[in-house]
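Let me begin by presenting the structure, written as structure tokens, before commenting on it.
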Amino acid sequence: MASAFETNLATAERLLTRFRDRPLGHFIDGREVPGQSERLFDNLSPIDGGIINRVHAGNAADVDAAATAAQRAFPAWAALPGTERKRILHRVADGILARAEEIAVLESLDSGQPIRFMSKAAERAAENFRFFADRAPDAANGLSLPAKDHLNFTIRQALGPVAVITPWNTPFMLSTWKIAPALAAGCTVVHKPAEWSPLTAMLLAEIMAEAGVPAGVANLVNGLGEEAGKLLTEHPAIKAVAFVGESTTGSHIMAQGAPTLKRVHFELGGKNPVVVFDDADLDRALDAVVFMIYSLNGQRCTSSSRLLVQSGIHDAFVERLAERVARIRVGHPLDPATEVGPLVHERHLNKVLGYCAIAQADGATVKVGGVRAGEAGSGGNYVRPTLFTGANNRMRIAQEEIFGPVLTAIPFKDEAEAVAVANDVAYGLAGYVWTRDVSRANRVALKLDAGMVWINSENNRHLPTPFGGMKASGIGRDGGDYSFDFYMETKNICVALDTHTVPKLGA
Ligand code: NAD
């Protein structure tokens, strides 16, 4: 009998046929179309560096066609009763689940993320659609704010066509996190996925169309960030940009969108601390520390990439950690046994490995890893999970987002120092605190510069809660009603009770 790995490889071969037969196009106004220029770019395999497929590089004409389609489709989609949008979005969720295996295998191949995590990608994405589908009928609801002579009530109305620009780390799930609430709110969408992982975005576009999302409501333009992405953020028909990616790209987008006064929502980088106090449940803390930096190849915005560990337990904790890190299984992303797969692109691999030299030059120790993994013979972007010790928070490995399976351990003396070190970075996305002292846990949580804090837990997401960061980690929040605040305009309607005196001029 074929192993699960062999079955995945065979599935991958079958699924790739369509992408190899012809270059991947855009999805505009209800169908896949080639680009209007002749230009293509290569989508490279993280596994062996070979070409997976070729992709049309969207240009101004493609972006304009997509934005115009979204603008045309907006009035009817926004006017559709919320109950109808709910029905259609649940069908999208059904369609995602029906193609779960296809999504998982293509996502793994394209991004290098291990199949053990990507097999959940469809489930999580379908949940996103169901969550916002259920809220669509009430999305317009607002507040009643009565005054002495007037009643005031607020309603929310869909903003218009919006751009969704996503990165390559978990592309399918992340895009649904933006597209589902936008569609539930009544907005139409133009999605620009990352050029390093474009495959599954086309599946989502197809699934949405098959589920009954009308033509023009959900469009997709492939292309390079500096070209297609930039043009989208400048297009006058686009009212807002929901962006997930690097902080520097966020700055560019804010500037690009300024002339047309775009509303922006940014989910950017992180350098998240996990603070382990000496009274913590150290077994659970160790599991969480390992999981939150080495799962998803460390290519995860909420990864806890800085381990702050109290001095008294530092050496013992780091020893146990080092043993675990050394045993992490690096391998082919489609092998269910793999815990860390190849990094998405050779450029990213070189960036990540470059931090080993930086660590050493700054005086830190490469305690584990820091080298390409044995699979390097294949030409793939494999790296050994890496642990830096002997570090302090002023070093570049403690300040800069590496975005790979790389952890920097730093000792601290007491609560005050833990908070000071945790906050001494440009970012402020997530923080993790491990202690059995409830009061200390809450004191630290209140003081951390982070949009999200988990106490005695790894990143566990509950969809109604706000997701987003402070400082260089972002602007705005996703989740629950927070998403609707971004994708909708709040309007106040003030109605007189005819009891007040209207001022008279010229009477
Ligand atoms: P990136 O910023 O390089 O690219 C993200 C997307 O922006 C891509 O689709 C790219 O083509 C596009 N883009 C690039 N330049 C553009 C421009 N000038 N105008 C418009 N679009 C442009 O990010 P990446 O390397 O793909 O992803 C990794 C980053 O994403 C990390 O910093 C990570 O922390 C961040 N991230 C954040 C979250 C979060 O929720 N905060 C989640 C996942 C990833």
Side-chain angles (χ1 to χ4, degrees), residues 41 43 46 55 57-58 63 110-113 121 124 128 163-178 190-198 200-201 220-235 238 240-258 260 262 264-272 293 296-305 343-345 347-349 351-352 400-404 406 425-430 450-452 459 461 466-479 482-483:
F41 64 91
N43 178 28
V55 187
V63 169
D110 209 12
S111 67
Q113 295 284 16
R124 292 277 314 274
N128 289 340
V164 171
I165 302 181
T166 49
W168 42 259
N169 58 324
T170 49
F172 191 84
M173 203 290 291
L174 265 180
S175 67
T176 62
W177 187 222
K178 304 283 171 189
V190 181
H191 178 206
K192 209 300 281 174
E195 49 270 52
W196 285 356
S197 60
T200 53
L220 156 68
V221 177
N222 276 304
L224 308 181
E226 300 72 18
E227 187 184 14
K230 178 170 184 287
L231 288 162
L232 193 54
T233 61
E234 292 168 343
H235 199 287
I238 298 293
V241 181
F243 169 73
V244 186
E246 285 189 17
S247 303
T248 47
T249 314
S251 303
H252 291 312
I253 290 178
M254 191 173 257
Q256 291 159 197
T260 47
K262 295 277 188 284
V264 294
H265 185 175
F266 289 161
E267 285 180 16
L268 310 173
K271 192 72 186 177
N272 311 299
I293 182 66
L296 296 176
N297 291 352
Q299 296 171 165
R300 165 184 205 151
C301 56
T302 50
S303 71
S304 51
S305 50
L343 304 190
V344 67
H345 195 279
R347 265 213 327 263
H348 188 54
L349 171 80
K351 172 189 157 180
V352 170
E400 298 175 14
E401 186 185 44
I402 301 174
F403 216 56
V406 179
V425 285
Y427 297 104
L429 186 59
M452 298 167 287
N459 170 353
R461 185 87 186 91
F467 185 101
M470 299 180 178
K471 291 158 61 174
S473 289
I475 296 175
R477 295 292 180 272
D478 265 325
Y482 300 94
S483 297

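In listed order, ligands and their atoms are each counted from 1. Numbers here simply count residues along the sequence, with the first being 1.
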Correct closest heavy-atom pair for P46 and V344 would be CB-O, 3.7 Å
Provide the number and element of each atom of ligand 1 under 4.0 Å from a heavy atom of F467.
-> 40 (O)
Hey, are the side chains of N222 and E195 touching, using non-hydrogen atoms and a 4.5 Å cut-off?
-> no
So which heavy atom in the protein is nearest atom 31 (C) of ligand 1, and how far is it from that ligand atom?
-> E401 OE1, 3.3 Å
Protein heavy-atom partner closest to atom 41 (N) of ligand 1 - residue, atom, separation in Å | L268 O, 2.7 Å
Atom 18 (N) of ligand 1 has as its nearest protein heavy atom Q256 OE1, 3.0 Å
So which bit of N169 gets within less than 4.0 Å of ligand 1, heavy atoms only: side chain, backbone, both or neither?
-> side chain
min-distance protein heavy atom vs atom 35 (C) of ligand 1 -> G245 O, 3.3 Å
Apply the test side-chain contact (heavy atoms from CB on, under 4.5 Å) to residues R300 and N459: give CA-CA distance (whole Å), side-chain angles for both, the deciding distance (0.1 Å), then the verdict.
-> CA-CA 11 Å; R300 165 184 205 151; N459 170 353; 4.0 Å; yes
Run down the list H252, E195, M452 and name the one with the heavy atom closest to atom 11 (O) of ligand 1.
-> E195
Which protein heavy atom lies closest to atom 42 (C) of ligand 1, and at what distance to 0.1 Å?
-> C301 SG, 2.9 Å
Please determine if T249 has a nitrogen or oxygen closer than 3.5 Å to a nitrogen or oxygen of ligand 1.
-> yes
Look up atom CD in Q299 and atom CG in L343, then write down how far apart they are to the nearest 0.5 Å.
-> 5.0 Å
Checking heavy atoms under 4.0 Å, the part of L174 that sits near ligand 1 is side chain
Which bit of L429 gets closer than 4.0 Å to ligand 1, counting heavy atoms only: side chain, backbone, both or neither?
-> side chain
dist N272:CG -> S473:OG (nearest 0.5 Å) comes out at 6.5 Å
Do T166 and P171 have side-chain heavy atoms sitting under 4.5 Å apart?
-> no
Which residue and heavy atom of the protein sit nearest atom 24 (P) of ligand 1, plus the separation | W168 NE1, 3.2 Å
Cut-off 3.5 Å, side chains only: do K262 and T260 have a donor facing an acceptor?
-> yes
Under 4.0 Å from ligand 1, counting heavy atoms only, is it the side chain of P193, its backbone, both or neither?
-> backbone
Is it the side chain (CB and beyond), the backbone, both or neither of L232 that lies under 4.0 Å from ligand 1, heavy atoms counted?
-> neither
With a 4.5 Å limit on heavy-atom distance, are the side chains of Y427 and S247 in contact?
-> yes
Answer with yes or no after comparing the ring centroid distance for H348 and W168 against a 6.0 Å cut-off, counting only values under it.
-> yes
Should you measure from each heavy atom of K192, which atoms of ligand 1 turn up under 4.0 Å away?
-> 8 (C), 9 (O), 10 (C), 11 (O)
For G229, the ligand 1 atoms whose distance to one of its heavy atoms is below 4.0 Å | 19 (N), 20 (C), 21 (N)
Could you tell me whether the side chain of C301 reaches within less than 4.5 Å of the side chain of E267, counting heavy atoms only?
-> no
Of the listed options F243, Y427, F266, closest to atom 7 (O) of ligand 1 (non-hydrogen atoms) | F243
Using heavy-atom distances, let me know which of E267, Q299, E227 sits nearest atom 40 (O) of ligand 1.
-> E267
Which protein heavy atom lies closest to atom 27 (O) of ligand 1, and at what distance to 0.1 Å?
-> P167 CB, 3.1 Å
For side-chain contact (heavy atoms from CB on, under 4.5 Å), just list the numbers for T233 and I238, CA-CA rounded to whole Å, side-chain angles, deciding distance to a tenth of an Å, and then say yes or no.
-> CA-CA 7 Å; T233 61; I238 298 293; over 6 Å; no
Please step through side-chain contact (heavy atoms from CB on, under 4.5 Å) for the pair M254 and F266, ending with a clear verdict.
-> CA-CA 9 Å; M254 191 173 257; F266 289 161; 4.1 Å; yes
Compute the shortest N/O to N/O distance between T166 and ligand 1 and return yes if it is under 3.5 Å, no if not.
-> yes
The closest protein heavy-atom partner of atom 12 (C) of ligand 1 is I165 CG2, 3.6 Å
